[in-house]
Structures are given as C-alpha cells and as structure tokens.
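Reading through the structure tokens given below for one structure.
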Amino acid sequence: MLSASSLMGAAALMTMSDDAKAATEWAEHFQGNYRLMTPEEKAEARTRLERRYSAEYGKKVTVDGTEAQPGVLMGYALNVRKCIGCRRCVKACVEENNQSRGKNPGERIEWIQVLRMERGEFATDKMNHGYPEGLGIQVGGNAYTPAGQVLEGQYRYEPEAVPEKDATYMPIACMQCEKPPCVKVCPVRTTYREADGPVVIDYNWCIGCRMCMSACPYWARRINLTNPVLPKEEMNPVTHYLGNRPRMRGVVEKCHWCLQRTRKGRYPACVEVCPVGARKFGNLLDPESEVSLILARKNVFRLKAELNTFPKFFYFYD
C-alpha cells in the first residue's frame, strides 16, 4: 500500500512542479483527525499550515497547538443590564478570529449576535387596545405594549446612538455546552469538547453536512458557503489550530473563546473590548475567579436550561 508520503511525492511528479504549496495541500488532504494524531504528527500539520498561510497572506503566520491545561474549566458570564448594544464585541471577534467579511450573500460571518429587544409594560389604560399595532392582529383586550419581542432583522440594527431608549440588548454566541448536542450528531467526529471546556472543530475533517448547525439550539454555528473573504492586510497571523486559523469553503465554524488567547492567559477579544465591563471570563474550577464569584453572588440564568445542555455561558444581573 502507498503511504501518504508516497502519494504526496507522486502528486508533485504529476504536476511537474516542486511547488511547496502543492505538496502541502496533498499532505493536508491525507492527514488524520487532529485529536488522534501523535504529538509529532500534530507539529508537522501545524508547520505545513504555517508555511502555506505565510505564503498566502504575505506575512509570518503562527499556528499554535497549546493543549488544555489541567485544573482549568473555562466559563463566561455576561451582565445583561450593563450591555448597551454597541456591538464592539462583534467587530472585535471578527477581526481577532479571521472571520469572512465580504459584502455578498454568504460572505459575512459573525459568531456573536446582539439581539435588540423592545421594552414594554403592562398598564390599565391599554386593556382595550388589543395587540400592539404593527403585528397584524387586533383581537381581544390586552394590557401590554411590546415587551421583549425580537423582530426579524433586529440583530443587525444600526442606530445612530446606543443605548437606545426603550431597548434592551442580549448578546448570544456559542454556549460551550458540557453536553453539546452538536457533537453528538457529527458523523465524522470533527467537532468535540476540549478538556478545558470549549467545543472546537477540526476544519480539515469537516464535510459541511451542517447537521451540527441543525442540532445547536443556540444558533451558534456558521458555514462558509463561499470562499471566505479575508483581506491579507486584515488577517490576524497569531492563530491556533483548533481556533482562529483561516477556514476554507464548505466548513462550519464557531466561537471557541479565543483559544489563541485564553490558553496563553489572556481574555477573549470580546471581553477586552467591552466598554462597560459587561463580559466576564475565568476558571470555573477556581472558587476565587471572577466567574465563580458571580455564580455564587449574583442572580444567574442560562439559556434553554431545560434542554440539559449545561452551558458554561451564564447571564446575570445586579
């Protein structure tokens, strides 16, 4: 039987070229699942990617492979009363994690969505007004005005100034579930939960079936329907194999809590950029970490807790 190296050599001969990029692409095609590789194979895979990315983007690109640290379980907390809906977290996430930023349909990818919800109230003078105007239904008597309604397209709002009057904002992203339904349905086992908490994707093994997207109850995954639009000058060269390295067409991607940062002792980009300090990040196994103290002292809830996915993304309010 031909080995992978023999096939790579044959490919170079068939193309009549000693081009490094062509050989690298063949090597990637035949590499195994990342989590099943030996440490030496992982290092070779990262070196191949560094060589290809550096040539493609015209700058020195590093592909880190730092593993999960023992005694660490990452957790996230967000103060929904502090969020002002500025969406700086969205922009910082796009820039840090090399997401596609094109203008055509399917070329714009954002892992974080900030939902804009209208505030409302119950009042006696509204008893006979029927349902709120604009929803197309007027029946019965109802004592409320729009309250917490997310209308189509409100995650792409662009107001002149924030926070807006009578608006509440609720950011959502991957919840990094302890029991992730997306992992259960993946037919090729390309997505899995790391020991320190984040659910990651080996992009080289993703077949683009989108079963994980259907299984996720938090709308946290995106697929590259087209070739990602990532300008060379905007590409972040500090990457992680399971994190923010450039993706290819036809693969799914998602938030991973900036592994290229957090496994080096830094905060995720969205936490650093938040102007009001609404976002908190830390080790859930450390009782003195910021997140652990929030869970112990604040009013905390998780989205769709009834599904028993056990998210490590918590919402709280003062």
Side-chain angles (χ1 to χ4, degrees), residues 33-37 66-80 93 97 110-113 115 170-223 240-244 247 251-263 268 270-271 279-287 289-296 298-317:
N33 191 303
Y34 188 76
R35 63 174 171 168
L36 301 180
M37 292 181 185
T66 303
E67 304 282 346
Q69 301 301 307
V72 175
L73 185 65
M74 300 181 190
Y76 205 114
L78 192 150
N79 191 333
V80 291
C93 179
N97 291 297
E110 296 175 351
W111 294 346
I112 300 174
Q113 302 291 349
L115 302 182
M170 186 168 187
I172 59 173
C174 179
M175 300 292 154
Q176 313 295 357
C177 306
E178 281 291 279
K179 294 184 178 181
C182 54
V183 171
K184 295 180 181 179
V185 301
C186 180
V188 292
R189 298 296 184 262
T190 190
T191 185
Y192 53 94
R193 178 191 175 281
E194 283 279 88
D196 54 355
V199 177
V200 298
I201 301 172
D202 183 352
Y203 307 119
N204 284 65
W205 268 66
C206 179
I207 61 175
C209 67
R210 292 182 275 187
M211 291 182 66
C212 59
M213 295 177 66
S214 299
C216 176
Y218 303 105
W219 194 48
R221 290 174 173 252
R222 313 284 183 266
I223 187 169
H240 192 284
Y241 185 93
L242 296 173
N244 65 330
R247 278 74 72 188
V251 303
V252 174
E253 60 181 70
K254 58 177 286 296
C255 167
H256 42 74
W257 283 344
C258 294
L259 286 182
Q260 69 280 3
R261 285 169 158 258
T262 52
R263 286 187 177 171
C270 54
V271 175
R279 294 171 173 270
K280 306 297 180 182
F281 184 82
N283 183 5
L284 292 171
L285 301 183
D286 178 6
S289 71
E290 205 167 14
V291 172
S292 295
L293 293 176
I294 287 171
L295 298 183
K298 300 293 184 179
N299 298 306
V300 178
F301 67 93
R302 293 186 283 191
L303 287 185
K304 300 184 179 181
E306 71 277 4
L307 298 180
N308 293 324
T309 57
F310 299 98
K312 291 188 290 297
F313 193 113
F314 302 87
Y315 294 90
F316 71 99
Y317 54 94

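Remark: Tyr218 OH to Lys254 NZ distance equals 12.5 Å, nearest 0.5 Å. Between Cys255 atom SG and Ile172 atom CD1 the span is 12.0 Å, to the nearest 0.5 Å.
Classification of the His256-Trp111 ring pair by plane angle, with boundaries at 30° and 60°, yields perpendicular. The aromatic rings of Phe281 and Trp257 sit perpendicular to each other, their planes meeting at more than 60°, with 30° as the lower class boundary.
Contact check on Glu110 versus Arg222 returns no salt bridge, with no Lys/Arg side-chain nitrogen under 4.0 Å from an Asp/Glu carboxylate oxygen.
Just one of Gln260, Arg261, Arg247, Glu253 meets the side-chain hydrogen bond (donor to acceptor under 3.5 Å, both in side chains) condition when paired with Asn97; it is Gln260.
In this structure, Leu303 and Phe313 have side chains that are not in contact, with every pair of non-hydrogen atoms separated by 4.5 Å or more. Using a 4.5 Å heavy-atom cutoff, the side chains of Arg35 and Arg189 are in contact. Inter-residue side-chain proximity for Trp219 and Gln113 is flagged as met; some heavy-atom pair is nearer than 4.5 Å. Counting heavy atoms from C-beta on, the side chains of Met175 and Thr309 never come closer than 4.5 Å. With contacts defined as side-chain heavy-atom distances shorter than 4.5 Å, the pair Arg279/Pro171 qualifies. Side-chain contact check for Val200 versus Tyr241: every heavy-atom pair is 4.5 Å or farther apart. Contact check for Tyr34 versus Thr190: no side-chain heavy atoms found under the 4.5 Å cut-off. Inter-residue side-chain proximity for Met74 and Arg263 is flagged as met; some heavy-atom pair is nearer than 4.5 Å.
With His240 contributing its side chain and Cys258 its backbone, the two residues share no donor-acceptor pair below 3.5 Å. Checked by atom type and distance alone, the side chain of Lys184 never pairs as donor or acceptor with a backbone atom of Ala215 at under 3.5 Å. Here the side chain of Lys304 pairs a donor or acceptor atom with the backbone of Pro217 at under 3.5 angstrom.
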